[in-house]
Structures are given as structure tokens and as C-alpha cells.
Amino acid sequence: MTMMTAPPKQTFRVGMLIHDTRYRSLTIQIVVLSAAMLMAAWLINNTIQNLAVLGKPISFGFLSSAAQYDINQMLVSYTNQDTHLRAAFVGLLNTLLVAVLGCALATVLGVLIGVLRLSKNWLVARLMTAYVEIFRNVPVLLWIVFAMAILIETLPTPRDFRGEEATASMLLGDSIAITNRGVYIPEPLFSRSLGDLPLPGAVAISLDLVAILALLAGGLAASAAIRRRAERIQNATGKRPATWHLRLGVIVLPQAALLAALGFHLGYPELRGFNFQGGIHLRNSLLALWLALSFYTAAFIAEIVRAGILAIDRGQTEAAAALGLRPGRIMRLVILPQALRVIIPPLISQYLNLTKNSSLAIAVGYMDITGTLGGITLNQTGRELECVLLLMLVYLAISLIISAVMNWYNARVRLVER
Amino acid sequence: MPGQPFVRSHMLPERAPPATAAGPLLWLRENLFSSWFNAILTLLSLGFVWYVLAHALPWIVQSSWTANSLTECRQQIAASHGPGTSGACWAVIRERYLQLIFGFYPSRLYWRPILAFGLTLAALAPILFPALPRRLLWLSSTVPFLVPWLLWGGSLWLPVSIALGAVLGYAALRLVTPLAGSLAGVIAAGLVPVLWWLFGAGPATGLLQSALPLAIDSVQSRAFGGFMLSITIGIVAITCSLPIGILLALGRQSDLFIVKTLCVGFIEFIRGVPLITLLFVASLLLNYFLPPGTSFDIILRVIIMVTLFAAAYMAEVIRGGLAALPRGQYEAAAALGLDYWKAQRLIIMPQALKISIPGIVSTFIGVFKDTTLVSIIGLLDPLGFSNAIRADTAWNGIVWELYGFIAALFFVFCFAMSRYSMYLERKLATEHR
């Protein structure tokens with residue numbers, strides 16, 4: 001005979017909030033959330049009280065008043081009568097400029113050094129190891145101010161280029177002048193320019209540049225079409241037609257025709273008075289920041305590249321060779337796609353680091369967004385809270401965009417496992 | 001009949017291999033001249049090394065140690081090595097090295113930072129090298145209270161009563177756990193010291209100080225500078241960021257939605273902004289966030305922000321280590337009946353931390369290098385002093401000697417850290433090879 005007993009009755013006791021795993025997570029979360037909200041409320045309350053004592057409630061109105069300071073390098077037009085907002089925008093463009101230049105140079109150097117560090121040549125491998133260790137183990141800020149000091153102290157002054165007994169001379173047929181006030185390079189000029197395309201927000205884009213870029217994009221598309229056609233022919237007949245001259249032609253010829261039509265010529269820098277005039281003036285601050293960031297980041301990229309190449313099993317090379325591929329194709333079709341999967345994510349995070357490190361521009365007076373919004377605008381208006389908040393938001397936005405690109409790439413190249 | 005076939009009756013001595021197949025010549029051929037391309041690379045590298053050494057060595061040797069200004073340096077070098085010779089002006093280092101290392105710390109009190117540094121090394125030693133006697137760990141537990149006292153000075157009773165807070169917390173943990181369970185114990189252990197530090201420590205210090213005055217000269221934070229400042233900020237940020245980073249990483253891996261969201265938000269925010277903006281917060285904004293009228297030390301504010309910055313990076317490194325652990329480890333720990341914290345302490349963390357050693361140490365190195373950024377908000381670390389020295393009329397125009405010296409100081413520390421991480425990786429490697 002079986003005895004039926006009622007199941008134990010579920011009663012809720014307060015102790016179960018802590019001891020019962022079903023409720024405990026809820027308790028912890030509520031406690032954490034209330035603590036966090038209390039903390040936030042406390043901080044915000046303090047801030048409001050402090051600002052009230054100082055008599056400056058939070059307001060972003062200062063952004064639309066005149067900045068009244070000059071920026072010595074700008075990619076869009078700017079005068080000291082423009083607003084603080086526009087000054088911040090000029091600074092943002094300068095940040096992006098040095099970030100893009102730095103990423104490009106750092107990648108080239110880093111890949112070169114990473115590959116050479118794996119070289120069978122004992123001396124070269126040791127030299128590259130020394131480079132990596134020296135640049136990685138010294139602070140980047142030191143490299144930046146060091147580069148600035150070297151540029152200022154060791155390069156010839158513009159005066160040295162003058163007169164009969166000049167001690168310095170311009171390079172490449174009087175087209176590049178390297179002085180302690182910066183480097184002067186020829187600038188592209190158009191005698192039959194198309195003018196500017198005004199955009200909303202008082203930003204103007206040169207129509208010449210737009211035309212050149214559009215034609216370049218068209219050329220690249222045509223080149224890709226030719227490649228696809230060659231692949232179709234190869235798939236059908238087994239023979240691949242030679243296409244390199246066609247592909248080069250569709251890019252170069254229209255470009256040359258456009259440049260001739262626009263009246264393209266170079267404007268050379270010339271020594272006039274106490275300084276060089278004309279040409280593009282690359283200031284010391286930009287050069288020091290660019291070179292220091294690139295050389296520093298290159299050391300990290302070299303390690304990433306080295307690790308990526310070492311991560312590919314030797315068997316992959318051997319298997320590809322057994323399939324009859326030639327060394328160049330082994331690298332391009334087998335090794336690189338696999339190594340890139342290892343290399344790209346940390347590489348992008350190095351790009352992110354470089355972009356964030358470019359905020360050290362303030363140490364050499366390069367007017368990036370930290371120098372404009374977080375430097376002069378902050379000091380002139382005394383709006384610390386608003387300026388630092390905006391500055392953080394800008395960098396956060398840049399970081400999130402770069403991480404989004406990285407996540408997209410990771411999702412695309414992820415190995416599909418069972 | 002032909003005679004007997006020839007049979008050698010004794011062994012010939014071994015002959016030396018050809019000169020090109022052994023010894024230094026073989027090494028040269030294999031490592032430096034294996035192909036024409038390698039030969040070119042070797043020659044280029046040799047040329048580069050020669051060029052650098054030919055310029056650097058005479059420059060280093062033909063130097064002046066005694067001058068009082070750059071012009072005097074150049075005159076001395078020209079006088080002793082002939083006009084037109086370029087030589088290093090080490091005199092600037094001789095004149096300023098104490099400043100570069102100690103800042104404006106009073107020179108009669110230099111023994112205190114030196115002793116503090118020595119104590120810190122002694123406290124780190126048993127943690128870094130398990131071969132040392134375990135009893136040294138007692139020293140390690142007192143150093144966090146002793147070193148700030150040595151650096152800033154003041155009453156001896158302040159570190160004593162702060163240390164008392166830690167003791168009280170431990171006592172609370174021991175007393176409450178048997179009475180009300182482990183969670184209540186942990187909460188009590190967290191709450192009691194905080195309450196003590198907020199309300200009890202100040203009066204207790206005053207009382208003890210009036211009963212038995214024991215104090216050393218106090219030094220203002222303004223006087224801190226040079227490499228001492230970098231090391232102070234670096235060591236505090238490094239030691240505090242590791243536990244905070246572990247907690248953040250666990251929070252990010254947690255199943256609790258709110259905890260996870262808070263941790264992810266914090267980590268991504270800190271990692272998304274440059275350190276310099278956080279230092280702006282430390283120097284300009286942190287006082288806004290606190291009750292009106294409070295104003296605390298700039299070095300402490302900087303240390304807080306650098307610690308938070310380092311903790312976010314540390315959390316990501318440790319999360320990588322946690323993610324690399326096979327799922328079976330968690331399940332095995334649960335199957336043994338371990339609760340969450342025991343599983344973390346005994347099974348998960350030892351393995352996850354071992355996997356993340358390279359990342360942890362490179363975060364340490366990064367934090368230590370990033371302490372130079374404090375020069376931008378006006379603290380006088382070595383870089384801040386270098387600007388001041390270069391602005392001095394006597395030394396205007398000096399570059400290589402000054403930056404070389406500072407770079408060498410940083411290099412020694414960072415390189416030592418990276419070598420230690422390699423040693424640790426080798427020591428902890430347990431998989432079969």
C-alpha cells in the first residue's frame with residue numbers, strides 16, 4: 001500500500017532571498033542597482049551643488065560664441081572669429097589626419113620589421129629585436145617630445161639655405177626644404193580649377209578632389225570588371241588572358257587626362273624673406289607627433305605580425321606546395337588569409353591605441369581636438385565639465401566606430417565550426 | 001697468387017671537417033650569407049651599426065661632466081678634443097639627476113623614499129619569487145601602510161589606525177560568518193573597515209598621537225616629483241588595478257544582467273577614451289563630484305583615475321584568460337560541489353591568470369609608461385622636469401643627454417618587467433612539450 005503525502009508546501013521566507021539560488025541573483029542585482037543609482041545620484045547632486053556655488057550651471061551655449069584664437073594648421077577654412085564648435089571640428093579633423101597618417105606609416109614599418117624579425121639572417125633579426133624592445137619599453141610621450149626636440153634643435157634654419165655659402169640645400173631639385181620650422185613640400189595646384197562645392201555647415205569640398213576621387217573609383221571598378229572577365233575565361237577555357245596592362249590603363253589614362261584638363265601643376269616652396277613661402281608646410285608638431293606615434297606603434301604591430309605568421313602551421317605551406325602552388329601563390333592564397341585572421345583584430349586595436357595616443361598632441365602644441373576643445377576652449381571659457389564631457393564623447397564615438405568595424409571583420413572571417 | 005687483400009690494422013684518427021662546414025665559418029655562412037639577398041642585408045646592417053657606433057661612441061666619451069651650462073660644455077669639449085668636436089654634455093645630468101629622481105623632495109629626507117622603495121622591493125620579492133621564505137609575506141602585508149607614511153610623513157598612528165581597519169574587517173568576517181552565513185560575512189567585512197576609516201580612524205589617530213606623539217616630518221604632495229612620482233603612481237595603480245580588474249572581469253562574465261551591464265559599460269567607457277581625458281577629470285572635475293568644500297590631494301586624484309584606467313584594461317585581459325578556459329573546468333568545479341567563489345579561487349582563477357600573464361604584464365608596463373602623462377596636467381614627473389630644464393637658459397638646446405637619461409630609466413624598469421613575465425611563463429608552463 002502506498003501512502004500519498006502532499007508535496008511540501010512552498011512558503012516564502014525572507015531568508016530565501018539570500019539562501020535560495022532562485023531568488024539570490026535577483027536580490028544581488030537589486031542591491032547592486034540601488035547602490036549604483038545612489039552613487040550616481042550622490043555624484044550628480046554634488047556636481048549640481050558645486051556648480052551652483054560657482055554660479056555656472058551646465059550650458060553648451062559657449063560653443064556658438066566666437067573662439068578668438070588661431071589654429072595654425074587646418075584642413076577646412078577657419079578664422080579666429082569662427083565659433084568654438086568650428087574650432088573643435090577643425091581639431092577633430094586634425095586628430096583624424098594624424099591618426100590616418102600614423103596608422104599608414106605604422107603598418108608599413110610594423111609589417112616590415114615583423115617580417116625581418118623572423119629573418120634567418122642573425123644580424124637583421126637581432127637589430128629588429130633591439131628596435132622592438134627599445135621602442136616598446138619607453139613611453140610614447142617621451143618619443144613625441146624627443147622627436148619634437150630633435151626636429152627643432154638639429155635641422156637647419158631657413159637662414160642656412162640663403163646666400164652663397166649656404167650650409168643647407170633643398171632636396172630633389174629644389175622641391176623639398178627640410179628646416180627646423182617644418183618641412184616644405186610642393187603642393188598640387190589646378191590652373192583651371194572647378195572651384196569648391198559648398199556643403200551645409202560652412203564646409204567646402206574642392207570639386208577637383210571630388211572629380212579625381214570619382215574617376216579613381218570608376219577606374220578601380222572597371223579594373224575589377226576586367227579581372228572578373230579574366231576569371232570567367234579562365235574557368236571556361238583554362239587559360240587566363242594577360243590583363244595587367246588593361247587594368248593599369250583604365251586607372252592611369254583617365255586620371256592623366258583629367259589632371260591635364262584641370263591644368264595640374266606643382267607649386268614649389270621658395271625662400272622669401274626669413275622663411276619659405278608656397279608649397280605645403282608640414283609643421284614640426286605634426287611631423288613629431290606623426291613620426292613618434294608611427295615608430296612607437298610599429299614596434300607593437302611588428303610583434304603582432306610576427307605572432308600571426310608564427311601561428312600558421314608549417315604543414316599549411318607544405319600542403320599547398322604538394323598541391324603544386326608556387327611560393328607567391330602559397331603566400332597569397334594559403335598563408336596570408338589565415339595569418340590575417342590572427343593579425344587583423346589586434347592590429348585594429350593598435351590603430352585604436354594610436355588614435356587615442358594622438359591626444360598627446362597637446363604636449364607639442366599640435367592643434368588636435370584635445371588642443372582646441374580640451375585645451376584653449378576649455379581655458380578661455382572655463383567650462384571644464386562641458387568641454388571634457390564633449391571630448392570624451394568624441395573619442396568614445398571614434399572608438400566605438402573602430403570597434404564596430406573590428407566586430408564586423410571578426411564576424412566575417414570567423415571559422416565556422418561544428 | 002696476388003697477396004692478401006689490404007686490411008687496415010688500426011683506426012685512422014678522425015680528420016677535422018673542412019673549414020667551411022664547421023665552426024665560425026659555417027655559422028657565418030648559414031646565418032649571415034646564406035643567399036645573395038641575405039648577404040646584402042648583412043652588409044647594410046653592418047654599415048648601419050658601424051655608422052651609429054662611429055657617431056655615438058666618440059660622442060659619449062668626448063664629453064663634459066663639470067660644466068655649468070651648455071655653452072661652457074661646448075667650450076670645454078672644444079678645448080680638450082679640438083674645435084668642431086661634438087660631445088655629450090653629461091654635466092646636465094650631474095647637475096639635475098637628483099631633481100629628475102626625487103623632484104623637490106627635501107634632500108635631507110631622501111632616505112625616506114629610498115627606504116620606501118627598498119621596502120617595496122622586499123615586499124614584492126616573496127610574491128614574485130615563491131622560492132623565498134614565506135615568512136617575508138608578513139612584511140608584504142605591512143608595506144602598503146608603511147610606504148605612504150614614509151613618503152608623506154606625519155603621525156605614525158595614522159597608518160596604524162588605517163591598518164586597524166583591515167584587521168577589524170577580518171575580525172568581522174570571522175565573527176559574522178558563523179552567525180549569519182558567508183554573504184553577510186562578506187558584507188560585514190566590507191562595511192566595517194569603511195565605517196572605521198570614515199568615522200573612527202581620524203579621532204583614534206588624534207587620541208593616540210596626543211597620548212604618545214610619534215611622528216616624522218610631513219612632506220607636501222607639491223614636493224613630489226621626478227622618477228619617484230612615476231614609481232609611486234605606477235606601483236599603486238598596478239597593485240590596485242589587478243584585484244579591481246579581476247572583479248570587473250568576473251562581473252562581465254556574470255549571468256546577472258545588471259551587474260554585467262554595469263561592468264561592460266564601465267570597461268568600454270574607460271577603454272574608449274584616452275587616459276589624458278581621465279587625467280583632465282582628475283585635475284579639473286573630480287572636486288566637482290565630491291561634496292562642496294572637499295578638496296583632496298592631486299596625486300591621490302591622479303592615482304585614482306590611473307587605477308580605474310588600468311583596471312578596465314586588466315579586466316579585458318583577464319576576460320580573455322577566462323574565455324580561453326575550457327567549459328569543462330567550470331562544470332568539473334560545480335560537480336565537486338564548490339560554490340561560485342570557491343570555484344573561482346581554487347579552479348578558475350589560477351588557470352585563467354596563468355593564461356593571461358603576458359597580457360597582465362604588458363598592461364603593467366603600459367600603466368607605468370602612461371604615468372608620464374601626468375606631466376601634461378602639470379605634475380613634475382621626469383618629463384615635466386625635462387621641459388623645465390630645456391627652458392632654463394643655461395641648458396637651452398640640450399636634447400639627447402636629457403631624454404636619453406630619462407628613456408634609460410624607463411627602459412630598465414619596463415624591460416625588467418617583460419623579462420620577469422617570460423620567466424613566469426616558463427616556470428608555470430605545465431603542458432607537455
Side-chain angles (χ1 to χ4, degrees), chain A residues 18-19 24-25 28-30 32-33 36 42-44 46-47 49-51 53 116 119-124 126-127 133-134 136-143 145-146 149-150 152-154 352 355-360 362-363 370 374 378 384-385 387-388 391-392 395-400 403, chain B residues 27 30-32 34 38 41-42 44-46 48-49 181 183-184 255-259 262 268-269 271-278 280-281 284-285 287-292 365 368-373 375-376 382-383 386-387 390 397-400 402-403 406-407 410-411 413-415 418:
Chain A
I18 291 179
H19 297 298
R24 184 158 59 188
S25 67
I28 295 175
Q29 297 201 53
I30 290 172
V32 169
L33 185 65
W42 184 67
L43 292 177
I44 291 171
N46 284 337
T47 311
Q49 279 187 18
N50 278 315
L51 290 176
V53 169
L116 282 181
S119 157
K120 284 202 203 89
N121 189 316
W122 183 86
L123 189 60
V124 171
R126 288 301 171 288
L127 275 180
E133 293 296 350
I134 289 174
R136 270 202 317 186
N137 286 321
V138 173
V140 62
L141 185 58
L142 189 113
W143 289 121
V145 290
F146 192 21
I150 292 177
I152 291 178
E153 302 290 350
T154 62
L352 190 54
T355 311
K356 284 189 288 177
N357 280 339
S358 74
S359 60
L360 299 179
I362 198 167
T370 314
L378 187 151
E384 298 102 349
L385 192 67
C387 284
V388 174
L391 193 60
M392 284 182 153
Y395 279 109
L396 209 54
I398 296 176
S399 304
L400 289 179
S403 340
Chain B
W27 186 88
E30 281 192 343
N31 290 299
L32 296 178
S34 59
N38 255 346
L41 277 183
T42 304
L44 282 178
S45 310
L46 277 178
F48 173 76
V49 171
L183 189 65
D255 298 329
L256 311 175
F257 175 75
I258 290 171
V259 176
L262 285 174
E268 292 302 327
F269 173 73
R271 278 161 40 91
V273 298
L275 177 57
I276 187 70
T277 58
L278 294 177
F280 282 158
V281 170
L284 301 170
L285 298 183
N287 278 344
Y288 283 160
F289 298 148
L290 297 173
I365 296 176
F368 187 58
K369 286 187 295 180
D370 281 344
T371 57
T372 49
L373 267 63
S375 64
I376 292 180
L383 274 187
S386 79
N387 293 336
R390 293 188 62 233
I398 204 133
V399 182
W400 296 90
L402 191 56
Y403 288 122
I406 301 171
F410 275 99
F411 183 85
F413 276 78
C414 298
F415 192 68
S418 74

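Throughout, a chain's letter reflects where its sequence line sits, starting with A, and its residues are numbered from 1.
Using a 4.5 Å cut-off between heavy atoms, A:L127 touches chain B through its side chain atoms alone. Neither the backbone nor the side chain of B:F413 has a heavy atom closer than 4.5 Å to any heavy atom of chain A. For A:T355, no part sits under 4.5 Å from any heavy atom of chain B, backbone or side chain. Neither the backbone nor the side chain of A:I44 comes within contact range of chain B, judged by heavy atoms closer than 4.5 Å. Heavy atoms of A:A149 lying under 4.5 Å from chain B belong to its backbone as well as its side chain. For B:L402, no part lies under 4.5 angstrom from a heavy atom of chain A. The contact between A:E384 and chain B is made by backbone and side chain atoms together, counting heavy-atom distances below 4.5 Å. Of the atoms belonging to B:L256, heavy atoms from both backbone and side chain fall under 4.5 Å from chain A. Using a 4.5 Å cut-off between heavy atoms, A:S403 does not touch chain B at all. Only the side chain of A:L378 comes within contact range of chain B, with at least one heavy atom under 4.5 Å from a heavy atom of that chain.
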**Request:** Let me see the working for B:W400 and A:F146 under ring-ring contact (aromatic ring centres under 6.0 Å, His included), right down to the final yes or no.
**Result:** CA-CA 8 Å; B:W400 296 90; A:F146 192 21; 5.2 Å; yes

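Chain A forms the most heavy-atom pairs under 4.5 Å with one residue out of B:I406, B:L41, B:L262, and that residue is B:L41. For the set B:L383, B:D370, B:I365, the entry with the most heavy-atom pairs within less than 4.5 Å of chain A is B:L383. For the set B:V49, B:L290, B:T42, the count of heavy-atom pairs under 4.5 angstrom toward chain A peaks at B:L290. Of all the listed residues (A:I362, A:V32, A:V145), the one sharing the greatest number of non-hydrogen pairs under 4.5 Å with chain B is A:V145. Ranked by heavy-atom pairs shorter than 4.5 Å toward chain B, the options A:Q29, A:R126, A:R136, A:K120 are led by A:Q29. By number of non-hydrogen pairs under 4.5 angstrom with chain A, the leading residue of B:L275, B:V281, B:L44, B:L284 is B:L284.
Atom CG of residue A:L141 and atom OG of residue B:S375 lie 5.0 Å apart, to the nearest 0.5 angstrom. The structure places CG of A:L360 at 5.0 Å from CD1 of B:I376, a figure rounded to the nearest 0.5 Å. Here A:S399 contributes atom OG and B:F269 contributes atom CZ; the two are 10.5 Å apart, rounded to the nearest 0.5 Å. In this structure, CG on A:L396 lies 9.5 Å from OG1 on B:T277, to the nearest 0.5 angstrom.
In this structure, B:N287 and A:N50 have side chains that are not in contact, with every pair of non-hydrogen atoms separated by 4.5 Å or more. Taking 4.5 Å as the limit, every side-chain heavy atom of B:Y403 sits out of range of all side-chain heavy atoms of A:I150. With a 4.5 Å cut-off on side-chain heavy atoms, B:F289 and A:L385 count as touching. By the 4.5 Å heavy-atom criterion applied to side chains, A:L142 and B:P382 are not counted as neighbours.
Ring orientation note: the planes of A:W122 and B:W27 are nearly perpendicular, at an angle over 60° on the 30°/60° scale.
Formation of a donor-acceptor pair under 3.5 Å by the A:K356 side chain with backbone atoms of B:I276 is not found in this model.
B:K369 and A:P139 make their closest contact through O-CB, 3.6 Å (heavy atoms, listed as atom of the first residue, atom of the second, distance). Looking at every heavy atom in both residues, A:S119 comes nearest to B:N38 through OG-OD1, 4.2 Å.
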